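Convention: sequence-line order gives letters A, B, ...; per-chain numbering from 1. Everything numeric here is computed off the predicted structure, so don't read it as measured data.
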2 protein chains.
Amino acid sequence: MELTEATPDPGTARPGGRTARVRAAVLDATAEVLAEQGFAHLDLTDIARRAEVGKTTVYRRWGTVTGLVADLLLEMAQQSVPRTETGSLLGDLTANARLVQRTLADPRQGALFRAVIAAAGSDPKAAQALYGFYSARVEEWAPCVEQAAARGEVPDGTDAQEVIRATSAPLYYRLLTTALPLDTADADRAASAAAAAARAGAYVREP
Amino acid sequence: MELTEATPDPGTARPGGRTARVRAAVLDATAEVLAEQGFAHLDLTDIARRAEVGKTTVYRRWGTVTGLVADLLLEMAQQSVPRTETGSLLGDLTANARLVQRTLADPRQGALFRAVIAAAGSDPKAAQALYGFYSARVEEWAPCVEQAAARGEVPDGTDAQEVIRATSAPLYYRLLTTALPLDTADADRAASAAAAAARAGAYVREP
DNA sequence: CGGTTAATAGAACTGGAGTCCCGTTATGGA
DNA sequence: TCCATAACGGGACTCCAGTTCTATTAACCG
């Protein structure tokens with residue numbers, strides 16, 4: 001035996017031209033279905049039909065619904081939005097919160113995040129993609145808290161990543177557990193709450 | 001024609017004895033599968049097998065995976081945990097946060113909440129059950145903030161429900177978007193952050 | 001205690017999701 | 001430009017989730 005192994009995922013050896021077009025079409029169709037029907041109604045045969053692609057292809061390259069969603073998240077993670085700097089902690093956190101709020105309020109993106117979070121609950125691969133995504137985003141924004149610490153706005157020893165997470169958390173919580181809309185006022189409130197708690201020393205790491 | 005309508009959900013006319021046993025067995029099996037395999041692997045035939053119940057019964061009474069999950073949530077919502085009163089805002093919020101943390105950290109309950117949140121993303125019925133659940137819990141705890149306002153701990157006009165949500169939010173965010181564990185320290189941090197932000201007036205309603 | 005019928009269980013059926021096989025296309029390297 | 005083969009596409013096949021029909025069991029009512 002010798003032809004086991006050595007099949008490192010289809011689409012990696014010749015990623016150009018047709019392969020790329022197929023991937024784009026499939027991921028587009030996936031996002032579309034997610035936005036209008038949600039995660040539970042995803043099925044690969046339907047995706048193939050919508051993307052006008054052979055269903056064999058979809059099954060070979062992605063295999064499962066969760067695998068498809070995970071790949072979609074990886075695709076989105078590429079488009080990193082650069083962090084803005086305003087010179088104050090509250091300003092920076094507000095910019096971050098508004099970015100998150102806009103993303104979640106958008107029907108397509110909001111539906112995608114719901115789906116990825118759902119997929120992460122049962123598929124380790126999707127979970128890994130999700131954790132990686134948020135880890136990257138949090139690290140991208142953490143420096144603004146460190147700068148605030150340097151300016152003396154927050155106590156030394158403040159856990160920067162925890163402050164960033166605290167800014168996003170209420171927005172996700174509102175999206176997932178209530179029927180309430182998600183607007184700019186929510187973003188601003190989340191930012192000012194996180195800033196106030198940080199100034200009060202709520203995120204100082206334990207000794 | 002005359003026998004249309006008038007079929008108000010099986011299990012409502014004779015809820016005793018066998019019907020109740022079947023429901024308990026099915027919901028138990030559901031929770032079990034959720035805990036060990038996750039939402040995506042739920043299928044009604046398998047649930048029927050595990051519960052040692054005819055699969056026709058499961059399909060007739062619950063119909064879909066999301067319907068099953070929604071009923072499980074309703075069942076859980078029954079066991080309302082009474083609010084504790086400690087005399088201070090921080091104490092009350094800490095009690096609340098620890099309750100949430102214990103719930104989410106428990107494998108069965110944690111998996112259930114992930115599943116319900118996932119189901120709510122695609123099924124309106126599950127979404128309704130979920131929103132109702134959280135609405136009830138938030139209202140149960142909101143009075144502790146109003147008492148704090150009466151004591152002068154937080155400014156007048158503070159949105160009590162928003163404070164309660166802010167206490168839970170970081171715990172859910174951590175559960176859903178990171179691989180990090182969820183322990184008592186997280187609960188205490190969430191509570192003190194919410195208390196600090198509330199004292200600073202971050203949750204005062206707009207005029 | 002029966003009698004009515006709500007509710008369950010079994011068995012047979014069906015539609016479509018997921019798999020397999022093999023011919024076709026077109027990518028990337030020479 | 002041409003070739004080897006990675007990747008795609010179509011059609012046939014399989015298997016099981018979900019449905020339908022009917023017989024059986026046991027709640028609730030009097």
Task: Test side chain to side chain contact (heavy atoms under 4.5 Å, CB included) applied to C144(A) and N96(A), V163(A), D92(A), T86(A), the passing residue - done: D92(A)
- [ ] Show your reasoning for whether salt bridge (Lys or Arg N to Asp or Glu O under 4.0 Å) applies to D71(A) and R61(A).
- [x] CA-CA 10 Å; D71(A) 192 35; R61(A) 287 190 60 183; 5.8 Å; no
- [ ] Can you sort out which residues in residues 46-58 of chain A have a heavy atom within less than 4.0 Å of DNA chain D? Ascending by number, please.
- [x] V53(A), G54(A), T56(A), T57(A)
Task: Spacing of Y59(B) atom OH relative to dT19(D) atom P, expressed in whole Å - done: 7 Å
TODO: Give a yes or no answer on whether the side chain of E153(B) reaches the backbone of L89(B) with a donor-acceptor pair at less than 3.5 Å.
DONE: yes
TODO: Evaluate the side-chain proximity of R49(B) to D46(B): yes if any heavy-atom separation is below 4.5 Å, no if none is.
DONE: yes
Open item on the list: Is it the case that the side chain of D106(B) and the backbone of T103(B) share a donor-acceptor pair, with hydrogens and angles ignored and the cut-off at 3.5 Å?
Closed with: no
- [ ] Rounded off to whole Å, could you give me the CZ-to-P distance for the R18(B) and dT25(D) pair?
- [x] 9 Å
Open item on the list: Go through it in stages, so that I can follow the logic: the residues are V116(A) and L112(A), the test is side-chain contact (heavy atoms from CB on, under 4.5 Å), and I'd like the CA-CA distance, side-chain angles, deciding distance and then a yes or no.
Closed with: CA-CA 6 Å; V116(A) 179; L112(A) 173 62; 3.8 Å; yes
TODO: Whole angstrom is fine here: how far is it from CZ in R23(A) over to P in dA7(D)?
DONE: 13 Å
- [ ] In whole angstrom, give the distance that lies between atom CZ of R60(B) and atom C1' of dT22(D).
- [x] 12 Å
Task: Student check: side-chain heavy atoms of T84(A) and L99(A) closer than 4.5 Å - done: no
Open item on the list: Please report the distance, rounded to the nearest Å, between CZ in R61(B) and C1' in dT19(D).
Closed with: 19 Å
Task: Positional range of nucleotides in DNA chain C within the contact set of chain B, heavy-atom, under 4.0 Å - done: dT4(C) to dA11(C)
Open item on the list: Side chains of L176(B) and Y172(A), heavy atoms from C-beta outward: is any pair under 4.5 Å?
Closed with: no
